[in-house]
Every structure is written in C-alpha cells, then in structure tokens.
Amino acid sequence: RRSREKRTMAGTRLLLVAALLCSCTQLLAEANSWWVPAPPPQRPEMYIIGAQPVCSQLPGLSPGQRKLCQLYQEHMVYIGEGAKNAIKECQYQFRQRRWNCSTVDNTSVFGRVMKIGSREAAFTYAVSAAGVVNAISRACREGELSTCGCSRTARPKDLPRDWLWGGCGDNVEYGYRFAKEFVDAREREKNYAKGSEDQARTLMNLQNNEAGRRAVYKLADVACKCHGVSGSCSLKTCWLQLADFRKVGDLLKEKYDSAAAMRISRKGKLELVNNRFNSPTQEDLVYIDPSPDYCLRNETTGSLGTQGRLCNKTSEGMDGCELMCCGRGYDQFKSIQVERCHCKFHWCCFVKCKKCTEIVDQYVCK
Ligand SMILES: *[C@@H]1O[C@H](CO)[C@@H](O)[C@H](O)[C@H]1NC(C)=O
Ligand SMILES: *[C@@H]1O[C@H](CO)[C@@H](O)[C@H](O)[C@H]1NC(C)=O
Ligand SMILES: *[C@@H]1O[C@H](CO)[C@@H](O)[C@H](O)[C@H]1NC(C)=O
Ligand SMILES: *[C@@H]1O[C@H](CO)[C@@H](O)[C@H](O)[C@H]1NC(C)=O
C-alpha cells in the first residue's frame with residue numbers, strides 16, 4: 001500500500017514539474033515581448049483600432065500613458081481597479097484626519113492630482129502606484145492578461161527541501177515593471193529645467209511612485225498549502241502571494257509619518273532640507289512643500305476644508321472636534337443608529353437577533 005502511495009506522489013510531482021515547464025516557456029515569451037514596442041500577438045489590429053476610443057475617453061492620461069493604453073488595453077481595467085482600491089485604502093488610512101484623501105480635483109483615473117508637493121501628495125502617489133502593482137500582479141496570476149502568467153520568482157533558499165515550489169503565484173515582477181512603465185510615463189515625458197521647482201516635483205513623484213511599488217514587492221510573501229493522505233500535510237506546495245492591501249496601506253502610512261522634506265539642488269537632484277536626518281532610501285516618501293492645515297477649502301492647495309465633517313467630542317486626537325474643526329466650533333445633532341442586539345443562538349445552527357435603535361449624539365464641524 002505504501003509503495004502505491006509513493007507512486008501517486010511521484011506522479012503528482014511529475015505533473016507539477018511538467019506544469020512548471022509549461023509555464024516557464026510561456027513566461028519566456030512574456031519576458032521577450034515585454035517592452036518590445038509592438039502590439040500583443042493575437043489580432044494586433046483589434047488592439048490598435050479598438051483601443052483608441054477607450055484610451056482617448058479615459059480622463060487624465062498623459063500622451064505616453066495613452067500610447068501604453070493602446071498597446072496594453074486589456075491592462076486598463078486592472079489599472080483602474082488598482083487605483084480605485086488605492087483611493088479606498090487612502091480614505092481608510094486618513095479617515096480621522098482633516099485631510100481625508102478627497103481633493104477638489106478628482107477628474108483623472110488617478111483622481112487627486114495635487115498641485116502642491118505635500119506629504120499628502122506623496123502618500124497619494126505612492127498608494128496609487130502600489131494599487132496598480134497589486135492589481136496587475138493578481139490579474140497575471142488569474143490568467144486575465146495575455147502578456148503575463150504566474151510568478152516566476154525563484155524558489156526561496158530557506159524553503160524546506162521537501163516542500164514544492166510551484167503553485168501559481170502573484171506575478172509581482174511583472175506588476176512592478178508594468179506599473180513602473182505606466183505610472184512613471186507621465187513624469188518621464190516632461191523635460192524641465194534642471195533645478196527648477198517643476199523638476200523638483202517630477203523627481204518627488206518618481207521617488208514616491210517607486211516607494212509605493214516597493215511596498216507591494218516587499219510585503220509579498222510565501223504562502224503554502226497542505227496536501228497528502230487525509231490531511232497529513234506530508235506534502236506542501238508553496239507560491240508567492242501578495243499581502244493584504246491593508247498591510248501595504250499601513251506601511252505607506254508609516255512612511256508618510258516619517259517622510260523626508262526635500263529641496264532641489266542647482267545640479268537638479270533632490271536633497272534633504274535638513275541634512276541632520278538620514279537620506280531617504282528608495283522605500284521612503286519625500287515631499288517638497290509644507291502641507292496646508294486643510295482647515296478651509298482652497299482650490300490652490302486642493303483642500304476641501306473640514307466644514308461638515310463628523311468629529312468626536314471626547315477625543316483629544318486629530319478626530320476630536322477641537323482639532324478637526326480648527327477651533328471654529330461644532331454643531332450637535334441626534335441620529336438614530338440601528339444595531340443588532342439581544343442575539344440568541346438557536347439549535348442548530350443559526351443566530352437570531354433583534355433590531356435595537358439608539359439615539360446617539362453626533363457632532364459636525366461648523
Ligand atoms: C468627483 O467628485 C464629485 C463630487 O464629489 C463626483 O460627483 C464625481 O463623480 C467625481 N468624479 C470622478 C471622476 O470621480
Ligand atoms: C489658498 O492657499 C494659497 C497657498 O497657501 C494661498 O496663497 C491663498 O491665499 C489661499 N486662498 C484662499 C482663498 O484662501
Ligand atoms: C472627506 O471630507 C470631505 C469634506 O469635508 C467630505 O465632503 C467627504 O465626504 C469626506 N470623504 C470621506 C470619504 O469621508
Ligand atoms: C471618541 O473618542 C473616545 C476617546 O478617544 C473613544 O473612546 C470613543 O470610542 C470615540 N467615539 C467614537 C464614536 O468614535
């Protein structure tokens with residue numbers, strides 16, 4: 001009996017190896033087609049002609065991005081998804097702050113093009129770039145894109161010997177490269193005078209885009225699944241898996257808190273304003289302009305102001321009425337909250353609850 005088990009296991013392994021080889025050839029093709037500026041192989045005319053209306057209708061793309069849109073049209077829906085997910089994460093991370101990740105100008109796919117190079121702009125760029133890496137890497141794994149497939153990251157050296165490396169992993173390498181090309185295109189097509197404010201902003205955006213991409217790359221980790229006779233876990237298959245995007249948001253929020261203030265040198269390089277601090281690495285966020293206080297609406301700074309924002313009367317933090325309302329005071333109103341309550345477990349197996357309504361005091365900034 002044991003020998004038969006061995007044989008089936010060897011069989012599984014063979015199949016896996018075959019599958020690996022297959023995906024390798026596919027991935028080699030992927031490596032070659034990458035950045036060769038030619039349309040994808042199947043029915044190129046469909047991409048070129050069919051793409052144009054879509055790509056010219058998408059708001060907020062730069063000329064270079066429009067071209068990439070035409071070449072990689074099937075990527076666009078994932079770019080949009082990634083950007084949307086990024087904005088949602090941004091709103092979560094900043095839900096209790098005066099700046100809540102909304103801006104006056106939300107017309108582009110990336111929304112939130114911010115005119116001043118603040119810390120908040122830095123976060124916005126980083127999280128958007130991260131969102132694109134995330135969405136494209138996953139789309140590759142799910143087989144949604146013709147130019148990429150499963151991750152081909154090498155087997156980690158510390159993976160126990162008898163564990164298989166071969167599940168279909170999120171293709172973070174492709175996601176990273178694609179996002180670099182696509183997201184940075186907007187910055188690379190500009191050609192500002194060395195040492196100018198505009199050049200400073202371009203370098204700032206590039207640095208923050210990179211930090212965002214690296215956050216996704218860094219947090220991706222090995223995931224494994226057990227196989228083997230009746231759940232014995234004698235065999236494990238492992239692959240590369242993206243972290244939950246919340247973790248990326250958390251990491252970038254930390255980077256936001258420790259972001260470095262920079263200025264442009266005459267030679268056209270970003271340098272620290274205060275060189276007592278350590279130079280930022282490629283994983284760090286940088287900014288060139290001080291943040292406004294976000295108290296009042298101002299089109300120039302992209303601030304919506306905090307009028308009408310809910311605040312917490314008893315909190316002494318940023319979400320407290322004192323800080324949130326910038327000392328303008330607040331209005332109180334009653335609101336009805338419906339909650340599940342008096343829940344009972346019924347045999348077997350469901351939970352039945354009643355609906356309770358409660359009148360709570362809420363506060364909004366004047
Ligand atoms: C921009 O914001 C306005 C108001 O918040 C909203 O109605 C509109 O749909 C938004 N546009 C985009 C492109 O998200
Ligand atoms: C908006 O902010 C800019 C830059 O801080 C400032 O110069 C301008 O006066 C502000 N505008 C209004 C209407 O408050
Ligand atoms: C953010 O704040 C603005 C202005 O105060 C408000 O209109 C908007 O609903 C808030 N957005 C979120 C997601 O809380
Ligand atoms: C308001 O802030 C207090 C103190 O930080 C906290 O205990 C409470 O849960 C907050 N209330 C709401 C509704 O968030």
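Because the structure is a prediction, the values reported are computed rather than measured. Numbering of ligands and ligand atoms starts at 1, following listing order.
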- Note on the structure: By chain and number, the residues contacting ligand 4 below 4.0 angstrom (heavy atoms only) are N312, T314, S315

- Below 3.5 angstrom, do we get any N/O pair linking Q91 and ligand 3? no

- Message: Angle between ring planes, Y294 versus W99, binned at 30° and 60°: parallel, tilted or perpendicular?
- Response: tilted

- Query: Counting only heavy atoms not in Q307, do more than 12 sit closer than 6.0 Å to its CD atom?
  - Reply: no

- Message: Distance to the ring centre below 6.0 angstrom and angle to the axis at most 45 degrees; does that hold for R95 and Y92?
- Response: yes

- Query: Is it true that R213 and D184 make a salt bridge, defined as a side-chain N closer than 4.0 Å to a carboxylate O?
  - Reply: yes

- Query: Using the benzene-type ring in the case of Trp, are the ring centres of F94 and Y256 under 6.0 Å apart?
  - Reply: yes

Solution key, residues 339-349 side-chain donor-acceptor pairs under 3.5 Å, sequence neighbours excluded:
none

- Item | ligand 3 atoms in contact with G305 (distance to a heavy atom under 4.0 Å) | 4 (C), 5 (O)

- So the atoms of ligand 3 within less than 4.0 Å of a heavy atom of R309 turn out to be 2 (O), 5 (O)

- Under the 3.5 angstrom rule, does the side chain of Q199 hit a backbone N or O of N191 as a donor-acceptor pair? no

